[in-house]
Every structure is written in C-alpha cells, then in structure tokens.
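What follows is a short report on a single structure.
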Amino acid sequence: MGKFRVSKMKFMIRQTARNMVRHGKKSTLHILIGMLTVLILDVYVENMDSTEKRLAELPKVFAVTARISTLNGSQREGMTIREDRMMGVRKSAYVKDPVFTVRLKFGFGAFTVEEYKENLNHYGMGMNAPEGVSGMKREEIAWLDGVDESVLATARKVCLLDAALMEERGLHPGDEVTLTLFYYRYAIEGSEVFIEPLVTDIYKIVGSMQIDNYEGYWVAPEVILPLDYVREAYHSQGIEFFADSGFFAVKDPFQLNALKAQMYDEIGFLPVITRARPRTDGNALTIMDEAFIRSAETLSGNLALLQGMMPFLTVIIIFIGYLCSYLSLQSRREEYTLMRSLGTGRARSFFLLFGEAALVEAAACLLGSLAAAVFLKPSVRALALSGTMFFLAFLTGAAMAVLALQRLSVMEMLGKKD
C-alpha cells in the first residue's frame, strides 16, 4: 500500500513537471509576475523592519533626561531638595544614573566655629557620581589603584582632592587627611545663605582631580566626598539633609507615562511654573522629552500605517494569484475535461493543477528572494516573511481558481465540444 502511494506521488510530480514544460511561456510569465511581487514585498517588509528597528533604537538617539529646579525654573543649583524626594528618585525603577550633589565648605585640620575665618578657606561637594561637577571629565580624575568612581556611591570616609591643592599641601593619593566640614543652609525665600559646622573627620585620599573647564555657577570644588557619607554626617548631627542639585536619565523612555506618574503623583514633584515666586525649594522637575516624543510619534504612526497595509497587501496578492491562475486555466478547459472524462477524480485533478501552480510559485519565490538578496540586501527576517507571505497568499488565490474550474460541469463542457 505504501509503495503504491509513493509511485502515485511520483507520477503526479512527473505529470506536473511535464505540464509546466508544455506550458512553458505561461509558467515563465507566472514566475516573472511572482518575482516582481516578491521584490515589492521585500521592499515593504524591509521598510517595516527598518521602522521597527529605528523605533527600538530611538532611546539611544534621543536620550531623555530630567532636571530638578526651583518652582519657577530659575535655579538648578544651590537649592534645597528634600531627602525623601532625592531617595524616591534614586530608588525609582524608571530612573538610571541619578546624580545628586550637596555643597560644602572645608578647612584642613580640626578647628572650632570661632576659628573658621582663618581655616574655612576651601570649597567642596558631596556627590554620588563624577557628573555632579559640571564640566568635569572622568579622565580628569586620577584614581588610586583599585579604586574607581563607584566609591562615590558608597558612604566610605574617602575623598578626592584638587591636584594643585594636594601639591601645595604635600599630600599624595593614599594619604589620610583631617578635614573640618561646614554645610550651607539656605533661607527658604530670598538669597540669604548661612554656613554651619557639620563634622570633623579623617579621610583617605583616593584620587586627585584637575578641572580644566568648570561650568558650574559656584566655585569649582577642591574636595569631593561620597554623597551618602555626607548624608549620614547630617543625620549623626541631627541636621535635616537637603541635596543641592539633582538630575537623572530615563531608563526606558517608552515608559514615560509611568515615570511621570511616579515623579509627580507619588514623589511629589511639580511642573515648572515660571511665574512662581523665587524660593530655594528644589521641588520642580523638568523632563526633556520633546524630541523623543515627537520622533516616537512619527515612527509609531509610520509603523502602524505599514502594519495596517499588510491585510490589504495579502488580499491583493491572493487576487493576483487567482487572476493569473484563472486566466491560465481558461485555455486548459479542454485538457481538464479530457482528464476528468478519462476517470481522473476531482481530488487528483485538483492536486495536479494546484501542484503545478505550487512549483511555479516556489520557483518565483526562490528567484525573487535571490534577486532581492543581491540587489536590495534585506534582512533574513524580511526575506523569510516576504517569501512566506507571497507563497501562502499566491497559492490561496491559485487554489480558488482551480476550485472555480472544478465547479464547471464536465458533461456540459463535453456537449459544447461536440
């Protein structure tokens, strides 16, 4: 039984091949039409893939950042950013690379409050990343062996010192130095600033820095300490901690709505109100997302349009497959009538004609894909998707044409022939 089925299949394949050769001109025309259709589909699918890729890579092209400011937007440094807001940003799942700073003033050695005029001569900052110093490049920091910028994200008693100040003091990386820190206390309204004592401690120098192009509004820092160490120093003295500046990058700009809901509704930031009274509260957040949103909307619209075209393209290819097969079969009615009158069943005659169409379109699909690979150079995914789409849709149309032929009455056709 199995051998009979195999021989029957071989006969059908041979018969199909003979029919293709006998109708060589029509087969060639179908192959050319199929190749053209495949090439058009490759261009379409590659365009759709390219749009998807550009949309996925958009966050790399348009990085979305956010900056904390005063309510009227006039200040981005020298503010009072509440600790709960700062920690809300740092712990957010939608935020990456948050940077916060706090300004300090310091002197070498231990001294009392009364002695500050002779000793409190230098400026410093606490921060959790080198980007906290505006204009400073990472290559301008020379780290002690085994230490890098990640130390600023800890609460260790370490510091970076200005290279010129180290040379003046005869200090080297790896040395320990005693520093007395004072912090800035800002008036809620107006520009009044108070300097209060914070802590005296011993710090290990883990690197030197030389800032060539400082871009901040205040004096360039001569010492940098880890932000969380400074924050703990505030706590140990019973002082309420405030950050002085803060900014961050958005981890996934496609989740902007969730980020904004968290920042504004949960953490309590406000949008900038330019007419607000000047205050030092760092309670406004500006998210620089205009360029990203504009580009994302354009690409999303283009992608939706391309994806929406797919059902129509499929219908068109089905129609082309039906039309080509139908016109070809019209001249083969007598052949089909003779085949049926000699005892060939409906199923077998269907598969003979359908198999012929399948082989022709398989050749068209293969040749079209090869031509596209050579001249258009689409991705493998685009080749596979366009080839599959063409083959299935075109054969659906071919099947419909063969079924339409089978609806004809064999006896009526024989009578017309007589």
Side-chain angles (χ1 to χ4, degrees), residues 63 65 67-68 76-78 81 86 89-90 95-111 119-184 195 198-234 241 243-249:
T65 58
R67 187 105 199 188
I68 300 171
R76 294 185 172 185
E77 296 180 11
I81 303 172
M86 181 189 77
V89 170
R90 292 177 67 182
V95 169
K96 72 173 182 178
D97 302 329
V99 178
F100 285 89
T101 68
V102 57
R103 292 195 171 275
L104 304 166
K105 204 166 185 184
F106 75 98
F108 288 91
F111 52 87
N119 296 281
L120 198 64
N121 303 315
H122 305 284
Y123 296 88
M125 294 177 73
M127 63 187 65
N128 63 329
E131 286 76 16
V133 181
S134 181
M136 184 173 72
K137 302 178 180 65
R138 293 199 174 203
E139 54 266 27
E140 293 175 337
I141 303 174
W143 294 99
L144 187 67
D145 288 344
V147 182
D148 59 23
E149 63 271 7
S150 63
V151 73
L152 296 177
T154 70
R156 292 170 57 186
K157 294 181 184 180
V158 296
C159 69
L160 286 169
L161 276 176
D162 177 73
L165 185 59
M166 287 177 65
E167 185 178 355
E168 178 187 323
R169 292 275 175 170
L171 297 170
H172 303 88
D175 291 349
E176 291 188 341
V177 61
T178 300
L179 302 177
T180 297
L181 306 179
F182 278 57
Y183 73 98
Y184 288 90
I195 301 175
L198 180 60
V199 68
T200 299
D201 217 332
I202 300 172
Y203 306 92
K204 182 178 180 179
I205 303 173
V206 294
S208 63
M209 58 184 178
Q210 184 175 350
I211 307 171
D212 294 329
N213 188 27
Y214 180 64
E215 298 175 355
Y217 295 106
W218 288 34
V219 180
E222 297 169 287
V223 69
I224 293 176
L225 300 106
L227 177 71
D228 286 331
Y229 164 78
V230 178
R231 187 165 65 94
E232 289 181 4
Y234 272 72
F241 177 82
D244 151 276
S245 71
F247 56 91
F248 59 87

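The structure presented is a predicted model; accordingly, all values stated were derived computationally and were not measured. When reading the values below, keep in mind they use all heavy atoms of this one structure, side chains included, and skip hydrogens, waters and symmetry mates.
- Residue Ala220 comes nearest to Tyr123 through the heavy atom pair O-CB, 4.3 Å, listed as atom of the first residue, atom of the second, then distance.
- In this structure, OH on Tyr203 lies 4.0 Å from CG on Leu181, to the nearest 0.5 angstrom.
- Remark: Arg231 pairs with Glu83, Asp228 by the salt bridge (charged side-chain N to carboxylate O under 4.0 Å, His left out) rule, at least two apart or across chains.
- The shortest non-hydrogen separation linking Ala243 to Phe100 is CB-CD2, 4.0 Å.
- Applying the side-chain hydrogen bond (donor to acceptor under 3.5 Å, both in side chains) test to Asn128 and every residue at least two apart in sequence or in another chain returns nothing.
- Across all their heavy atoms, Asn121 and Glu222 have their closest contact at O-OE1, 4.3 Å.
- When side chains are defined from C-beta on, Cys159 counts as touching Ile205, because their heavy atoms get closer than 4.5 Å.
- For Phe182 and Tyr184, the ring centers are positioned 6.0 Å apart or more.
- Expressed to the nearest 0.5 Å, how far CD1 of Ile141 lies from CG of Leu160 amounts to 5.5 Å.
- Scanning all heavy atoms of the two residues, the minimum distance from Val158 to Pro226 falls at O-CD, 3.2 Å.
- Interatomic distance, CD1 of Ile195 versus NZ of Lys105, reported as 4.5 Å (0.5 Å rounding).
- Scanning all heavy atoms of the two residues, the minimum distance from Pro98 to Val89 falls at CB-CG1, 4.2 Å.
- Atom-to-atom distance recorded for Leu152:CG and Asp148:CG is 9.0 Å, nearest 0.5 angstrom.
- Atoms OG and CD1, from Ser245 and Ile81 in turn, are 6.0 Å apart once rounded to the nearest 0.5 Å.
- For Asp97, there are no side-chain contact (heavy atoms from CB on, under 4.5 Å) partners two or more places apart in sequence or in a different chain.
- Remark: of the listed residues Phe106, Tyr234, Phe241, Tyr234 is the sole one forming a ring pair (Phe, Tyr, Trp, His ring centres under 6.0 Å) with Tyr183.
- For Tyr217, the OH atom sits in a loose shell: 12 or fewer heavy atoms of surrounding residues, nucleotides or ligands are nearer than 6.0 Å.
- For the pair Arg90 and Leu227, the minimum side-chain heavy-atom distance is below 4.5 Å.
- Sorted by first and then second residue, the side-chain hydrogen bond (donor to acceptor under 3.5 Å, both in side chains) pairs involving residues 134-146 (not counting sequence neighbours) are Glu131-Arg138, Arg138-Glu149.
- The side-chain hydrogen bond (donor to acceptor under 3.5 Å, both in side chains) search around Glu232 returns none, not counting sequence neighbours.
- To the nearest 0.5 Å, the span separating CD on Gln210 from CE on Met166 amounts to 12.0 Å.
- Leu198 places a side-chain heavy atom less than 4.5 Å from the side chain of Val230.
- Considering all non-hydrogen atoms of both residues, Met127 and Ile224 come closest at CG-CG2, 3.7 Å.
- Within the 4.5 Å cutoff, the side chain of Phe108 has heavy atoms near those of the Leu179 side chain.
- Among residue pairs with one or both ends in residues 155-180, those qualifying as side-chain hydrogen bond (donor to acceptor under 3.5 Å, both in side chains) are Lys157-Asp201, Thr180-Thr200; sequence neighbours excluded.
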